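A short worksheet on the structure shown next.
Nothing here was measured: the structure is a model prediction, and the numbers come from that model. Numbered from 1 within each chain, the chains take letters A, B, ... in sequence-line order.
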Protein chains: 2
Amino acid sequence: MQNTTSKKATIKGSYHHGDLRSSLLEAAKAMLSESGIEGLSLRKLADRVGVSRTAPYHHFKDKNELLCAIAQEGFDHWHSNAERILAQTDISNREKYHQFFQSYIGYAAENPEMYDLMFGRTIWKQNSATKDLRAIAYPSFQRQVEMTKKWQEQGLMSPQEDTLRLAQVTWGTMHGIARLLIDGIYADRSHIEEMCTCAVNLFIREPD
Amino acid sequence: MQNTTSKKATIKGSYHHGDLRSSLLEAAKAMLSESGIEGLSLRKLADRVGVSRTAPYHHFKDKNELLCAIAQEGFDHWHSNAERILAQTDISNREKYHQFFQSYIGYAAENPEMYDLMFGRTIWKQNSATKDLRAIAYPSFQRQVEMTKKWQEQGLMSPQEDTLRLAQVTWGTMHGIARLLIDGIYADRSHIEEMCTCAVNLFIREPD
DNA sequence: CCACACATCTTGACAGCGTCAAAATAAGAC
DNA sequence: GTCTTATTTTGACGCTGTCAAGATGTGTGG
């Protein structure tokens, strides 16, 4: 959209660069989707924005903090996606769940590198997630559990199963299919719809 | 077990080191399970085996080829595991599937770094898998599809679903749960059994 | 038995990475 | 207008994967 110069002119009350932090985030997101987490180096990022190698360190403690900040935006984006689907009132619960499921896989397929960052080992494996990121990510699963409970009460899902386990299994399925897709293992983008339908058939009981 | 010196003495008809290749593989597997893919560097590996930094390059074209060779051994290990379970004749089909499912998750939980290597993006994302690795990994899913077909015929799984999609979804579920576990996301080792039971309940129809 | 060919291993080098310390620069406050 | 503070840069260190060239040991053909 607009370049950094115009931003500088707009905000004006800023320091040397304008606002390096958001410029870095913007460029980093672009680099992420272009070349993945492995291809995102702080040096190339700084170069792209036009500052020296160590300039980013005054806005992010280290690379991990930058990655967490990017992931945060990813969660924001996905959450608004999910809310929009779940807020619908003119479709059946089954259809709503189907859309939710497919939209989750779709988000992963369309933003593979972002999804990998949000739900991959880079951040979560060695507990390197920022407090801010945790504050957005943790409620994400909590909501999944609550929704599962509601779906059970509505007779959409088996009421016999423990809610937490059911939520883990159903989310695990979405996560697994997403990962198979984005890692290019035995699954193809063109099969997304059929896979989702199949999964929903297994999880959702027929309406009475 | 035995150190390289004794191996050298045993095999004897070898060159400078004995057999560097298998020593490297052995040490690399140890380093992998100790500190993960990220912690496995060729230089530290060479140091550990007691050779110079570039010695490994005469046995593996590059790091990727070494990783593929390790993954191969992982597939071998898992396959023998799976065969043993599926060969049982004294238990019900349902129980057999349950054991298979739980054993898959168990393997991932007990060998998290190996699982990540075998089914993670490091190898598969940019099609960097060796021919040899492909020759072991691809039939692995093929077998999953064949088993799914058999389970459908036996009335264990829904015969209405397309076999390939069903195989993708059920394997996706195993893969997803495994990943949530080993990446430390919203799932705990102590819940493995319950999660597996829940998943099996969803996938397997009650016996008539 | 010796020389030659070859497999194997080592040393040196290069570019890239994340990150720290110290110096330079610009902005806002008094 | 000076001073404090925020921001940015330059220099450096150790780590990484990998290539080129040299050194060394092994097995083979004469």
Side-chain angles (χ1 to χ4, degrees), chain A residues 4-5 7-25 27-28 31-32 34-70 117 121-123 125-126 128 130, chain B residues 4-5 7-25 27-28 31-32 34-70 117 121-123 125-126 128 130:
Chain A
T4 53
T5 316
K7 259 185 182 167
K8 189 177 189 175
T10 312
I11 298 183
K12 200 174 138 201
S14 48
Y15 301 92
H16 304 142
H17 173 277
D19 54 343
L20 227 195
R21 193 189 145 94
S22 53
S23 295
L24 286 170
L25 269 176
M31 291 182 63
L32 177 70
E34 285 165 15
S35 37
I37 300 180
E38 291 82 18
L40 199 172
S41 89
L42 285 186
R43 296 172 104 106
K44 278 189 290 191
L45 171 62
D47 206 50
R48 180 158 174 163
V49 175
V51 293
S52 75
R53 308 137 245 155
T54 56
Y57 281 88
H58 293 88
H59 301 273
F60 303 97
K61 195 182 120 255
D62 52 19
K63 187 177 184 179
N64 177 67
E65 213 167 72
L66 170 70
L67 292 177
C68 286
I70 301 173
L117 183 61
R121 64 161 25 202
T122 308
I123 285 181
K125 176 67 192 311
Q126 57 266 50
S128 63
T130 311
Chain B
T4 54
T5 315
K7 259 186 186 169
K8 187 176 187 175
T10 311
I11 298 183
K12 196 173 146 203
S14 47
Y15 301 91
H16 304 138
H17 173 276
D19 55 342
L20 226 198
R21 194 190 145 92
S22 52
S23 295
L24 285 170
L25 269 176
M31 289 182 65
L32 178 71
E34 285 164 14
S35 37
I37 299 180
E38 291 83 18
L40 199 173
S41 89
L42 285 186
R43 294 172 104 107
K44 278 189 289 191
L45 171 62
D47 207 50
R48 179 156 171 165
V49 175
V51 294
S52 76
R53 309 139 246 152
T54 56
Y57 282 88
H58 293 88
H59 301 273
F60 303 97
K61 193 181 122 257
D62 52 18
K63 188 178 183 179
N64 177 66
E65 212 167 72
L66 170 70
L67 293 178
C68 286
I70 301 173
L117 183 61
R121 63 163 23 201
T122 309
I123 286 182
K125 176 67 192 311
Q126 57 265 51
S128 63
T130 311

Dump the pairs, protein N or O against N or O of nucleotides 13-17 of chain D, anything under 3.5 Å, distances to one decimal.
unit_1 : atom_1 : unit_2  : atom_2 : d
D:dT16 : OP1    : B:Ser41 : OG     : 2.9
D:dG17 : OP1    : B:Leu42 : N      : 3.1
D:dG17 : OP1    : B:Lys63 : NZ     : 3.1
D:dG17 : OP2    : B:Leu42 : N      : 3.0
D:dG17 : OP2    : B:Arg43 : N      : 3.4
D:dG17 : N7     : B:Arg43 : NH1    : 2.4
D:dG17 : O6     : B:Arg43 : NH1    : 2.7

Practice task
Could you grab the distance from atom CG of B:Leu25 to atom CG of B:Leu66, nearest 0.5 Å is fine?
Solution key: 6.0 Å
Practice task
Can you sort out the partners of A:Lys63 under salt bridge (charged side-chain N to carboxylate O under 4.0 Å, His left out), two or more places apart, ordered by chain and number?
Solution key: none
Fill in the blank from the handout: Rounding to 0.5 Å, atoms OG (A:Ser52) and OH (A:Tyr57) come to a distance of 11.0 Å
Fill in the blank from the handout: Taken to the nearest whole Å, CG/B:Asn64 to P/D:dT18 is 9 Å
Problem - Nearest heavy-atom neighbours spanning A:Ile123 and A:Ser128 - result: O-OG, 2.8 Å
Exercise for the section: Report the residues that fulfil salt bridge (charged side-chain N to carboxylate O under 4.0 Å, His left out) with A:Arg48, sequence neighbours left out, ordered by chain and then residue number. Expected result: A:Glu34
Completion exercise
In whole angstroms, the gap separating C1' of C:dC20 from NZ of A:Lys61 amounts to 13 Å
Problem - Heavy-atom pair of closest approach, residues A:Leu45 and A:Ala28 - result: CD1-N, 3.6 Å
Exercise for the section: Figure out the CG/P separation between A:Asp47 and C:dA15, and round it to whole Å. Expected result: 16 Å
Fill in the blank from the handout: Sequence neighbours excluded, the answer for salt bridge (charged side-chain N to carboxylate O under 4.0 Å, His left out) partners of B:Arg121 is A:Glu38, A:Glu113, A:Asp116, A:Asp183
Completion exercise
Here the distance between atom C1' of C:dC17 and atom CD1 of A:Ile37, to the nearest Å, is 16 Å
Fill in the blank from the handout: A:Leu20 CG to C:dA26 C1', in whole Å, measures 14 Å
Fill in the blank from the handout: To the nearest angstrom, the CG-P distance between A:Leu24 and C:dG18 comes to 13 Å
Practice task
Go through the structure and list residues passing side-chain contact (heavy atoms from CB on, under 4.5 Å) with B:Arg43, not counting sequence neighbours.
Solution key: B:Ser41, B:Arg53
Practice task
Tell me whether the OP1 or OP2 atom of C:dC9 has a side-chain N or O from B:His59 closer than 4.0 Å.
Solution key: yes
Fill in the blank from the handout: Between CD of B:Glu65 and P of D:dT18 the distance, given in whole Å, is 11 Å
Completion exercise
Scanning both residues in full, the closest heavy-atom pair of B:Phe60 with B:Arg21 reads CE2-NH1, 3.4 Å
Exercise for the section: Mark yes or no for a side-chain to base donor-acceptor pair under 3.5 Å between A:Arg53 and D:dG11, with no hydrogen or angle criteria applied. Expected result: yes
Grab the N/O contacts between the protein and nucleotides 21-23 of chain C below 3.5 Å, and write none if there aren't any.
none

